[in-house]
Visitor: 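Take this structure, written in structure tokens, and hold onto it; I'll ask about it next.
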Number of protein chains: 2
Amino acid sequence: MKLSSEQIKQKLKDAGLRVTPQRHAILEAVYTLGNHPSAEQVIDFIRVRYPGIATGTVYNVLDVMVESGLVKRVKTDKDAMRYDAIMNRHHHIYCAESDRIEDYFDEELDELLQAYFRKKKLQDFKIEDIILQIKGNFNDNSE
Amino acid sequence: MKLSSEQIKQKLKDAGLRVTPQRHAILEAVYTLGNHPSAEQVIDFIRVRYPGIATGTVYNVLDVMVESGLVKRVKTDKDAMRYDAIMNRHHHIYCAESDRIEDYFDEELDELLQAYFRKKKLQDFKIEDIILQIKGNFNDNSE
DNA sequence: TTCTTAGATAAGAATGATTCCTATATAAGA
DNA sequence: TCTTATATAGGAATCATTCTTATCTAAGAA
């Protein structure tokens with residue numbers, strides 16, 4: 001998903017963050033890259049236009065954005081952490097072989113789960129979010 | 001869960017793996033520690049009785065065990081990978097604040113999900129496993 | 001039982017991802 | 001414009017994990 005410069009700025013402001021060129025570039029990168037980029041992919045993307053950005057800054061900013069709810073961390077079987085800017089409730093379809101992640105939106109399923117856990121409460125736990133990790137294989141895997 | 005030495009041995013054999021003292025100790029550690037240990041926790045646990053075990057061996061063996069279906073990788077928001085020896089279908093209740101993971105078994109839910117995805121097929125994807133990550137907060141968090 | 005060898009391990013170097021440190025720079029409110 | 005709390009650059013440091021190679025051993029064969 002591509003956002004306008006103004007939209008990105010507004011998102012940072014809404015999250016209560018100072019608007020800096022670095023933060024702007026990083027949030028833009030996560031949105032533009034779309035498919036759950038790693039910090040490294042974000043850095044590579046940004047350095048094309050903005051070579052000076054420091055590695056540490058990207059990690060810092062991504063952390064800050066996670067804290068502020070602008071992005072989410074996505075961990076896979078692999079080592080590097082990945083980031084997701086889509087904040088609407090969604091799930092992940094994941095193939096370990098290719099390390100590919102696809103978003104899965106399904107409101108019907110979400111309602112089903114919500115209803116289920118409204119009835120069947122968990123002891124001593126306050127649910128904030130439920131994420132399905134759907135594991136398997138893409139049929140069109142290039143292998 | 002605590003397993004007898006004989007049970008552990010049998011599990012290794014059933015998985016088609018050679019039975020070595022290291023593998024025995026590692027599988028025992030994952031079972032005994034119970035709560036989704038990281039590789040580091042496994043190493044610390046084993047070194048008390050078996051100081052010589054090499055770091056690389058633990059990582060190797062854990063990978064081999066994942067390949068052979070003896071343990072599963074468990075991913076959290078944090079960097080380090082964690083491992084789970086419970087292979088029955090179950091889900092995870094996770095609190096990012098404390099990094100605590102609890103197992104959640106619920107056959108009724110599993111059937112619900114199975115029925116749901118039997119009807120609503122995903123295009124171009126063969127589902128092998130569905131794991132819920134239930135995120136939130138434990139009420140008794142010591143904080 | 002002993003022999004054989006494919007496969008496993010030790011030890012530690014190497015790598016890759018991430019965090020930390022601190023001097024400098026800057027966003028944004030006064 | 002000034003002020004200052006906050007952010008960034010640059011690079012060292014740390015942490016998790018993988019790799020390399022010499023040595024060792026489990027387990028089937030003789």
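Reckoned from all heavy atoms, side chains included, excluding hydrogens, waters and symmetry mates. Chain letters run A, B, ... following the sequence lines, proteins first and then strands; every chain starts at 1.
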Visitor: Please figure out whether Val58(A) or Glu40(B) has its closest DNA chain D nucleotide nearer the 5' end.
Guide: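 On the 5' side of the pair lies Val58(A).
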
Visitor: Counting just side-chain N and O atoms, does Gln22(A) come under 4.0 Å of either OP1 or OP2 of dT26(C)?
Guide: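 Checking dT26(C) against Gln22(A), no side-chain N or O comes under 4.0 Å of OP1 or OP2.
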
Visitor: Side chains of Leu3(B) and Glu28(B), heavy atoms from C-beta outward: is any pair under 4.5 Å?
Guide: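 No, too far: nothing below the 4.5 Å cut-off.
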
Visitor: Just checking Val64(A): base, sugar-phosphate only, or nothing, at a heavy-atom cut-off of under 4.0 Å?
Guide: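 No contact.
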
Visitor: Write down the distance between NE2 (His24(B)) and P (dA8(C)), rounded to a whole number of angstrom.
Guide: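 For the pair His24(B) NE2 and dA8(C) P, the rounded distance is 17 Å.
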
Visitor: Rounded to the nearest angstrom, tell me the gap between atom CG in Asn60(A) and atom P in dA25(C).
Guide: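 So the CG-P distance, Asn60(A) to dA25(C), works out to 19 Å.
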
Visitor: Rounded to whole Å, how long is the line connecting atom CG of Leu17(B) with atom C1' of dA27(D)?
Guide: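 The answer, rounded to whole Å, is 14 Å.
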
Visitor: Can you measure Ile43(A) atom CD1 to dG11(D) atom P for me and round it to whole angstrom units?
Guide: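 Atom-to-atom, Ile43(A) to dG11(D), this comes out as 15 Å.
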
Visitor: How many whole angstroms separate atom CZ of Arg73(B) from atom C1' of dA16(D)?
Guide: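 The distance from CZ of Arg73(B) to C1' of dA16(D) comes to 14 Å, rounded to the nearest Å.
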
Visitor: Donor-acceptor pair, Thr76(A) side chain versus Lys78(A) backbone, under 3.5 Å?
Guide: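 Yes; at least one donor-acceptor contact below 3.5 Å.
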
Visitor: If the cut-off is 4.0 Å, is Thr20(A) near the phosphate of dA7(D), judged by side-chain N/O to OP1 or OP2?
Guide: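 Result: no.
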
Visitor: May I have the distance from Leu62(B) (atom CG) to dT17(D) (atom C1'), rounded to whole angstrom?
Guide: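 From Leu62(B) CG to dT17(D) C1': 12 Å.
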
Visitor: Within 45 degrees of the ring normal and closer than 6.0 Å to the centroid, is that where the cationic atom of Arg100(B) sits relative to Tyr94(B)?
Guide: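 Not flagged: Arg100(B) not positioned over aromatic ring of Tyr94(B).
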
Visitor: Considering the terminal five base pairs at each end of the helix from dT1(C)-dA30(D) to dA30(C)-dT1(D), what angle separates the two local helix axes, rounded to 10°?
Guide: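 Comparing the first five pairs with the last five, the axes sit 40° apart.
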
Visitor: Tell me if a side-chain donor or acceptor on Thr57(A) pairs with a main-chain N or O of Ile53(A) at a distance below 3.5 Å.
Guide: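 Such a contact is absent between Thr57(A) side chain and Ile53(A) backbone.
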
Visitor: Assign Pro51(A) to base, sugar-phosphate, or nothing according to its heavy-atom contacts below 4.0 angstrom with the strands shown.
Guide: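 The answer is nothing, as Pro51(A) stays clear of every strand by at least 4.0 Å.
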
Visitor: Run the salt bridge (Lys or Arg N to Asp or Glu O under 4.0 Å) check on Glu107(B) and Arg89(B) step by step: do they pass?
Guide: CA-CA 8 Å; Glu107(B) 288 189 23; Arg89(B) 177 189 271 280; over 6 Å; no

Visitor: Between the base of dA6(C) and the side chain of Arg18(B), is there a donor-acceptor distance below 3.5 Å?
Guide: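 Donor-acceptor pair under 3.5 Å: yes.
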
Visitor: Phosphate oxygens OP1/OP2 of dA10(C): is one of them under 4.0 Å from a side-chain N or O of Tyr50(B)?
Guide: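 Checking Tyr50(B) against dA10(C): at least one side-chain N or O falls below 4.0 Å of OP1 or OP2.
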
Visitor: Rounded to whole Å, how long is the line connecting atom CD1 of Ile46(A) with atom C1' of dA9(D)?
Guide: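 One finds 14 Å between C1' of dA9(D) and CD1 of Ile46(A), rounded.
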
Visitor: Side-chain contact test, heavy atoms from C-beta onward, threshold under 4.5 Å: evaluate it for Lys72(B) versus Met87(B) and give yes or no.
Guide: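 In contact.
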
Visitor: So do Val30(A) and Val42(A) actually touch side chain to side chain, heavy atoms under 4.5 Å?
Guide: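 When only atoms from C-beta onward are counted, Val30(A) and Val42(A) do touch, with a gap below 4.5 Å.
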
Visitor: Mapping Arg82(A) and Ala54(B) to their closest nucleotides on DNA chain C, which lands nearer the 5' end?
Guide: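 The 5'-side residue here is Ala54(B).
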
Visitor: Closer than 4.0 Å, any side-chain N/O of Tyr59(A) to the OP1 or OP2 of dT19(C)?
Guide: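 Checking dT19(C) against Tyr59(A), no side-chain N or O comes under 4.0 Å of OP1 or OP2.
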
